[in-house]
Asks: 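Please see the structure below; I have some questions.
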Amino acid sequence: MPAKGKHRRPKSRSLNRGIAAAGTGGAVLVLPVLGATSAGAAPKPAADASTYVVVAGDSLSKIAREHSVSGGWKKLYEDNRGVLGGDPKLIHPGLKLTLGAKGAAEPAKKTDASPASAERADRSERAAVPAAAPAKKTYANNLDGWIRESLDIMAQHGIPGSYEGIYRNVMRESSGNPLAINNWDSNAVAGTPSKGLLQVIAPTFAAYHVPGTSLDSYDPVANITAACNYAADRYGSIDNVNGPY
């Protein structure tokens with residue numbers, strides 16, 4: 001017998017590696033091994049790149065929109081100019097296009113975090129909120145409150161007068177009674193009795209009535225402001241009145 005020798009398995013290149021299978025006629029068929037790879041295999045395309053085969057009814061803008069191509073149809077055309085040629089409108093079914101990177105999600109709006117911009121934003125926000133209406137000033141329902149309210153109204157209309165001047169004349173004319181009436185003097189005899197805190201006759205009250213106050217001459221605030229308006233016209237101020245007027 002011939003001496004037994006070691007058989008060395010011949011090296012085979014990965015691309016030619018296969019499995020021999022015998023057929024019924026004795027012919028040998030070489031089947032490629034599935035999944036065989038080599039160090040020289042082509043690299044995989046980038047994860048964010050893909051391809052698309054044009055179908056009937058497609059346009060570059062439609063493809064770019066449906067596949068969220070960053071840069072839109074213009075970028076899609078530039079990436080595939082070699083396939084599409086000189087006219088981006090001339091595309092036909094069967095063309096294989098590279099879609100490239102998909103468009104990123106819409107970036108958040110840029111904000112300026114500088115102190116000045118933050119202050120401007122804060123001012124804008126405050127301006128957008130309507131300011132609350134100032135609380136209406138209230139007055140006590142007594143002689144002190146009536147005089148103070150009258151003085152505020154007089155100030156709005158430029159009518160002179162002081163708290164002391166009003167109080168002094170009120171105490172002399174009516175002793176602070178808003179319903180006081182004089183039924184015995186010449187005015188009363190003439191049919192126009194003096195009424196209210198500062199004893200004003202009806203014609204004088206009507207002539208010097210201050211807008212925004214009651215039309216009732218017995219109303220304390222209306223009576224004071226009308227009388228002070230008359231005194232300002234006749235004497236310069238209610239402060240200058242020290243007796244019947």
Side-chain angles (χ1 to χ4, degrees), residues 106-245:
E106 183 179 353
K109 291 183 179 179
K110 183 179 179 181
T111 57
D112 185 352
S114 65
S117 64
E119 183 179 353
R120 288 194 298 270
D122 184 58
R123 285 200 303 267
S124 299
E125 185 176 348
R126 291 198 303 269
V129 179
K136 185 177 180 179
K137 188 174 182 180
T138 58
Y139 304 89
N141 187 27
N142 54 30
L143 181 58
D144 177 75
W146 301 331
I147 294 176
R148 293 186 186 281
E149 184 174 357
S150 296
L151 285 169
D152 286 345
I153 296 173
M154 289 162 59
Q156 295 173 12
H157 292 271
I159 302 171
S162 68
Y163 186 102
E164 190 280 330
I166 295 173
Y167 181 83
R168 172 169 44 81
N169 282 283
V170 164
M171 296 310 292
R172 186 190 66 253
E173 294 291 326
S174 66
S175 299
N177 177 12
L179 299 180
I181 182 172
N182 185 325
N183 289 315
W184 53 267
D185 66 2
S186 59
N187 288 322
V189 173
T192 56
S194 302
K195 301 176 181 179
L197 289 174
L198 284 172
Q199 293 292 282
V200 184
I201 62 175
T204 301
F205 178 83
Y208 290 93
H209 172 261
V210 177
T213 62
S214 173
L215 293 174
D216 180 4
S217 63
Y218 282 112
D219 179 85
V221 174
N223 187 281
I224 291 173
T225 53
C228 288
N229 195 21
Y230 162 74
D233 183 48
R234 181 81 179 270
Y235 305 100
S237 171
I238 189 71
D239 295 343
N240 299 329
V241 178
N242 294 290
Y245 63 112

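For reference, positions follow the sequence shown, starting with 1.
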Asks: Are Pro244 and Gln199 close enough that some pair of their side-chain heavy atoms sits under 4.5 Å apart?
Replies: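 Pro244 vs Gln199: side chains apart.
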Asks: Got a second to check how far Tyr167's OH is from Leu143's CG, nearest 0.5 Å?
Replies: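 Taking OH in Tyr167 and CG in Leu143, the distance rounds to 6.5 Å.
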Asks: Do Arg172 and Val241 come within less than 4.5 Å of each other through their side chains, counting heavy atoms only?
Replies: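 Arg172 reaches Val241 side chain to side chain.
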Asks: Could you tell me whether the side chain of Thr213 and the main chain of Ala222 form a donor-acceptor pair under 3.5 Å?
Replies: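 No; judged by distance alone, with no hydrogens or angles, the pair does not exist.
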Asks: Find out whether Asn177 and Leu197 are in side-chain contact, i.e. whether some heavy atom of one side chain is under 4.5 Å from a heavy atom of the other.
Replies: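 The answer is no, as the side chains (C-beta and beyond) never meet within the 4.5 Å cut-off.
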Asks: Checking Asn223 side chain against Pro178 main chain: does a donor-acceptor pair fall under 3.5 Å?
Replies: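 A pair under 3.5 Å: no.
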Asks: Quick check against the 3.5 Å criterion: does Asn187 have a side-chain atom that pairs as donor or acceptor with the backbone of Ser194?
Replies: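 Looks like no, no N/O pair under 3.5 Å.
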Asks: If we only count heavy atoms from C-beta on, is the Arg234 to Thr204 side-chain gap below 4.5 Å?
Replies: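 No; the side chains remain at least 4.5 Å from each other.
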Asks: Would the number of heavy atoms belonging to other residues, nucleotides or ligands and lying under 6.0 Å from OH of Tyr139 be above 12?
Replies: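 It does: Tyr139 OH has more than 12 such atoms within range.
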Asks: When you measure from the side chain of Asn169 to the backbone N and O of Gly165, does any donor-acceptor pair fall under 3.5 Å?
Replies: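 Between the backbone of Gly165 and the side chain of Asn169 there is a qualifying donor-acceptor contact (under 3.5 Å).
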Asks: Counting only N and O atoms by type, is there a donor-acceptor contact under 3.5 Å from the side chain of Arg168 to the main-chain atoms of Asp239?
Replies: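 Answer holds: yes.
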Asks: Using side-chain heavy atoms (C-beta onward) and a distance below 4.5 Å, is Trp146 in contact with Asn141?
Replies: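 They are in side-chain contact.
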Asks: Taking Tyr230 for the side chain and Ala207 for the main chain, is one N or O donor matched with an acceptor at less than 3.5 Å?
Replies: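 Not at all, since once roles are kept as given, no pair shorter than 3.5 Å links the two residues.
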